[in-house]
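Reminder, nothing fancy here: chain letters follow the sequence lines and each chain counts from 1. Computed over heavy atoms, backbone and side chain alike; hydrogens, waters and symmetry mates excluded.
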There are 2 protein chains.
Amino acid sequence: MNTQRAAVEILREKCVEHGLKLTPQRIAIYEAICHTTDHPSADKIFKKIKGKFPSMSFDTVNRTLLTFSAIGLLKVVEGHGDPKRFDPNLKQHHHFRCIRCNTIIDVYSRYYDSVKIPQDIQSRFTVLGKRVVLEGICKQCRKKS
Amino acid sequence: MNTQRAAVEILREKCVEHGLKLTPQRIAIYEAICHTTDHPSADKIFKKIKGKFPSMSFDTVNRTLLTFSAIGLLKVVEGHGDPKRFDPNLKQHHHFRCIRCNTIIDVYSRYYDSVKIPQDIQSRFTVLGKRVVLEGICKQCRKKS
DNA sequence: TTATTATATAGGATTAATTCTTAATTGCAA
DNA sequence: TTGCAATTAAGAATTAATCCTATATAATAA
Ligand SMILES: [Mn+2]
Ligand SMILES: [Mn+2]
Ligand SMILES: [Zn+2]
Ligand SMILES: [Zn+2]
């Protein structure tokens, strides 16, 4: 998904860079996720691979995806799985999320409020909400490190 | 959080509007979440309430928060709980999420890419990433209804 | 090529969190 | 006040992630 180079080559480079072994499991998992565009869960990837690689365990898939995220081969994106996070603030606003402590902080910005929804997106979806989501390190977590 | 009217009044209106009973549990839960700004999980709210309302069960808190979200008293926001969702696409892009089926679809937009991070936000946080998140109903779900 | 060894894996156990089930309670309309 | 549909409490069941540990193996050097 990074470039059109073979997924294995991208994976090999990253593994060398981080001193990780290039295992058949890692190759299968990386190839599987690179063929998705639907932001799958670990379980989805596991089920997808199981047919071709029957000895694969769920734990390996889960652990490996987290490893990939740690070395920058993929990203963990906003999901609406559990535990759900609730927001009583119905005013238009935006969010900053700390990738260390997972705190979500409200961000108020007229500039962000005024960001438009392009016409082609309007025609593809029924858009009901819009928000700019920033991520990074919060003040407290910056202090700690 | 909606206005400065007493939370109970806002709640009462919504309950009448949707034919729901105004119970002490619902009042306690709504007041509790209205006093938060940290986007808590159901468990957080439960623990917060338990002291003042010892007979409250976790199930009631969880069920009630989902009810509140269904009648528009609050929103469920993007979280990074489980199950995690993985994205092998490292190119700058944005997301549309369907509130019915939870599908996350990639959105490419030069315009969204060019949205800036305001100076005052830069000084408050170390911003590492930015993305516009749209939500609404996807094509397939629109067909169904 | 073979031996060595630190790393990684499989599979099952454990933990964490939500959702379901059911019997008792209660808000509220008549 | 009464009757009853909606709501709740409590615990069971489910779902999903993480941990544990014995075995297997990729990478390296002899
Ligand atoms: Mn918020
Ligand atoms: Mn994406
Ligand atoms: Zn933080
Ligand atoms: Zn949908």
* B:H95 and B:D106: side chain donor to acceptor below 3.5 Å -> yes
* When we call it a touch if two heavy atoms are under 4.0 Å apart, what does A:P24 touch: a base, just sugar-phosphate, or nothing? -> sugar-phosphate
* Please name the pair of heavy atoms, one in A:F86 and one in B:A42, separated by the smallest distance, quoted to 0.1 Å. => CE1-N, 3.8 Å
* **A:K21, nearest nucleotide to its side chain (from D:dA27, C:dT26, C:dT9)** => D:dA27
* What is the distance, rounded to the nearest whole Å, between atom CD1 of B:I49 and atom C1' of D:dA9? -> 14 Å
* Separation of A:L11 atom CG from D:dA26 atom P, in whole Å? -> 13 Å
* Asked: When all nucleic acid strands are considered with a 4.0 Å heavy-atom cut-off, which category describes B:L65: base, sugar-phosphate, or nothing?
  -> nothing
* **B:R131 with A:E78: basic N within carboxylate O range, under 4.0 Å** => yes
* Asked: Does a side-chain N or O from B:R26 land closer than 4.0 Å to OP1 or OP2 of D:dT7, or not?
  -> yes
* **Comparing A:L66 and B:L20 on DNA chain D - which has the more 5′ nearest nucleotide** => B:L20
* Asked: Between B:S55 and D:dA9, does any side-chain N or O lie under 4.0 Å from OP1 or OP2?
  -> yes
* Below 4.0 angstrom from OP1 or OP2 of C:dT19, is there any side-chain N or O of B:N62? -> yes
* Tell me which of A:F58 and B:Q25 sits closer to the 5' end of DNA chain D, going by the nucleotide each one is nearest to. => B:Q25
* Asked: Is the shortest side-chain N to carboxylate O distance from A:D43 to A:K47 below 4.0 Å?
  -> yes
* Compare side-chain N and O positions of A:R63 against OP1 and OP2 of C:dT9 and report whether any pair is under 4.0 Å apart. => yes
* Report yes or no: do B:F68 and B:F58 belong to one cluster of Ile/Leu/Val/Met/Phe/Trp/Tyr joined by side chain heavy-atom distances under 4.5 Å? => yes
* Between A:H93 and A:D87, which heavy-atom pair has the shortest distance, and what is it? -> NE2-OD2, 3.1 Å
* **C:dG11 OP1/OP2 closer than 4.0 Å to side-chain N/O of A:S57** => no
* For D:dA6, does OP1 or OP2 lie under 4.0 Å from any side-chain N or O of B:T23? -> no
* Asked: With respect to the side chain of B:D59, which nucleotide from C:dC20, C:dT9, D:dT7 is positioned closest?
  -> C:dC20
* Look only at the side chain of A:Y112 and the backbone of B:K116, and say whether a donor-acceptor pair between them is shorter than 3.5 Å. => yes
* Rounded to 10°, tell me the angle between the two end axes of the helix from C:dT1-D:dA30 to C:dA30-D:dT1, each built from five pairs. => 40°
* Asked: Could you state the NZ-C1' distance from A:K44 to D:dA17, rounded to the nearest angstrom?
  -> 17 Å
